[in-house]
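Quick note: residue numbers are just sequence positions, from 1.
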Amino acid sequence: MQIKSVKVGELKTNCYIISDEATNEGLVIDPGFDPEKVISEIGNLSIKAIVLTHGHYDHVTSAFELKEKVNAPVMINKDDEAMMSYSTQKRADRLLNDKDKLDIGNLSFVIIHTPGHSQGSFCLYNEKEKALFSGDTLFAGDYGRTDLPGSSPPDMENSLKKLLRLPPETEVYPGHGRTTTIEAEKNLLE
Ligand SMILES: [Zn+2]
């Protein structure tokens with residue numbers, strides 16, 4: 001599994017381009033802004049999915065501009081689709097639910113619904129590679145804001161507890177800031 005990250009927009013959202021070297025197939029997570037930067041990092045990969053971890057504008061705004069270029073379906077959780085549509089004027093191509101599987105080339109991801117920052121926030125987990133793409137739920141040393149419309153502090157606490165049960169060696173790729181591990185964040189709620 002190859003992972004490239006591109007910081008996009010004023011809020012420096014981490015957009016991830018993840019690919020399977022064997023098949024040259026990949027997915028893009030959270031192309032909030034700067035589609036030309038994202039396209040140039042995609043290079044000759046065949047993009048099979050554009051996945052939005054939640055509906056905030058800094059994660060979704062360029063999703064459909066990218067779709068025009070790479071011809072891949074845009075996916076989000078149903079609880080954040082309306083928020084996405086507010087920024088993009090578009091509907092999603094596929095709605096992702098908790099425990100859904102997303103297979104791209106030889107890579108397999110499972111959706112972990114993690115409401116709290118927003119109702120429809122989710123993470124993508126690759127069990128084989130021990131990698132978690134955590135959106136704005138879990139950051140290095142911190143977690144996402146819970147004072148926004150659609151936020152819920154108790155939901156965030158439950159979601160973080162769920163994530164902190166993943167294997168400690170899991171590498172965490174957040175929606176903002178640097179990468180971390182589950183091990184490094186194990187005392188986040190204490
Ligand atoms: Zn957010």
Side-chain angles (χ1 to χ4, degrees), residues 1-21 23-96 100 102-105 107 109-114 117-126 129 131-139 144-145 148 150 171-179:
M1 180 168 77
Q2 194 181 49
I3 302 168
K4 291 184 190 175
S5 85
V6 192
K7 289 199 191 316
V8 298
E10 284 181 6
L11 295 177
K12 295 188 170 40
T13 302
N14 290 325
C15 169
Y16 295 102
I17 300 146
I18 306 159
S19 56
D20 170 30
E21 293 97 327
T23 61
N24 212 37
E25 294 176 333
L27 72 158
V28 176
I29 297 178
D30 290 351
F33 288 103
D34 303 332
E36 62 297 326
K37 259 164 87 173
V38 178
I39 298 271
S40 100
E41 288 297 331
I42 287 172
N44 65 357
L45 294 173
S46 172
I47 296 300
K48 300 297 182 191
I50 299 167
V51 179
L52 308 176
T53 60
H54 63 293
H56 288 154
Y57 77 99
D58 58 315
H59 295 254
V60 308
T61 298
S62 292
F64 291 90
E65 213 174 318
L66 184 63
K67 177 187 170 177
E68 296 280 303
K69 301 271 199 251
V70 302
N71 192 30
V74 174
M75 307 179 187
I76 193 165
N77 181 272
K78 66 170 172 30
D79 293 337
D80 273 23
E81 191 191 21
M83 195 155 39
M84 177 202 76
S85 297
Y86 183 79
S87 298
T88 62
Q89 314 301 317
K90 305 274 189 194
R91 300 290 303 269
D93 299 297
R94 180 177 164 189
L95 297 175
L96 294 172
D100 278 358
L102 186 63
D103 290 330
I104 308 285
L107 303 176
F109 298 88
V110 62
I111 302 303
I112 305 176
H113 184 212
T114 52
H117 176 65
S118 67
Q119 289 180 326
S121 284
F122 64 83
C123 302
L124 290 97
Y125 177 54
N126 186 315
E129 305 278 347
L132 180 77
F133 297 87
S134 62
D136 283 3
T137 299
L138 177 60
F139 300 130
R145 285 176 62 176
L148 301 167
E171 200 77 30
V172 178
Y173 299 87
H176 301 273
R178 64 177 173 83
T179 61

Does His59 use its side chain to pair, donor to acceptor, with the backbone of Gly32 at less than 3.5 Å?
no
Sole residue of Asp136, Asn77, Thr137 in side-chain hydrogen bond (donor to acceptor under 3.5 Å, both in side chains) with His54:
Asp136
Answer yes or no: is there a donor N or O on one side and an acceptor on the other, between the side chain of Asp30 and the main chain of Thr53, under 3.5 Å?
yes
Looking at every non-hydrogen atom in both residues, tell me the closest pair between Val60 and Ser87 and how far apart they are.
CG2-CB, 3.9 Å
Give, for atom CD of Glu129 and atom CD1 of Ile3, the distance between the pair rounded to the nearest 0.5 Å.
7.5 Å
Within the 3.5 Å criterion, strictly below it, is a donor on Asp80 or Ser118 matched to an acceptor on the partner's side chain?
yes
Kindly write out the residues that satisfy side-chain contact (heavy atoms from CB on, under 4.5 Å) with Ser5, not counting sequence neighbours, or none if the list is empty.
Tyr16
Write down the atom of His113, the atom of Phe122, and the distance for their closest heavy-atom approach.
CA-CB, 3.9 Å
Quick one: do Phe33 and Tyr57 satisfy side-chain contact (heavy atoms from CB on, under 4.5 Å)? Show the steps, please.
CA-CA 9 Å; Phe33 288 103; Tyr57 77 99; 3.7 Å; yes
So Pro31 and Leu52, do their side chains get closer than 4.5 Å, heavy atoms only?
yes
Any side-chain heavy-atom pair from Leu102 and Arg94 closer than 4.5 angstrom?
yes
Minimum side-chain heavy-atom gap Ile18-Gln2 below 4.5 Å:
no
Measure the shortest side-chain to side-chain distance between Phe133 and Val51 over non-hydrogen atoms and say whether it is less than 4.5 angstrom.
no
Taking the side chain as everything from C-beta on, heavy atoms only, tell me whether Leu124 gets closer than 4.5 Å to Leu27.
yes
Determine the minimum heavy-atom distance between Val74 and Ala63, stating which atoms define it.
CG2-O, 4.1 Å
So CG of Asp58 and SG of Cys15: to nearest 0.5 Å the spacing works out to 12.0 Å
Looking only at atom types and distance, does a side-chain atom of Glu171 sit under 3.5 Å from a main-chain N or O of Thr179, one as donor and one as acceptor?
no
What heavy-atom pair brings Pro35 and Glu65 nearest, and what distance separates the two atoms?
CG-OE2, 3.4 Å
Could you check whether any side-chain heavy atom of Met1 comes within less than 4.5 Å of a side-chain heavy atom of Asp20, counting everything from C-beta outward?
no
Phe139 versus Pro174, closest heavy-atom pair with distance
CD2-CB, 3.7 Å
Is a side-chain donor or acceptor of Asp34 paired with a backbone partner of Gly9 at a separation under 3.5 angstrom?
yes
Which atom pair, heavy atoms only, marks the closest approach of Met75 to Ala49?
CE-CB, 3.6 Å
Kindly say whether Ile42 contributes a backbone atom to a donor-acceptor pair with the side chain of Lys4 at under 3.5 angstrom?
no
Quick one: OG1 on Thr61 to CG on Leu66, what's the gap to the nearest 0.5 Å?
12.5 Å
Would you call Leu148 and His56 a side-chain contact if the rule is heavy atoms closer than 4.5 Å?
yes
Any donor-acceptor pair under 3.5 Å from Asn24 side chain to Asn44 backbone
yes
Glu36 side, atom CD; Glu41 side, atom CD - distance, nearest 0.5 Å:
12.0 Å
Would you compute the distance between atom CD1 of Ile111 and atom OH of Tyr125 and round it to the nearest 0.5 angstrom?
13.5 Å
Side chain Glu25, main chain Ile47, donor-acceptor under 3.5 Å
no
Could you give the distance from CG (Asn14) to NZ (Lys7), rounded to the nearest 0.5 Å?
4.0 Å
Does any N or O in the side chain of His176 come within less than 3.5 Å of the main-chain N or O of Leu11, such that one atom is a donor and the other an acceptor?
yes
Within the structure provided, determine whether Leu95 and Ile76 are in side-chain contact (heavy-atom separation under 4.5 Å).
yes
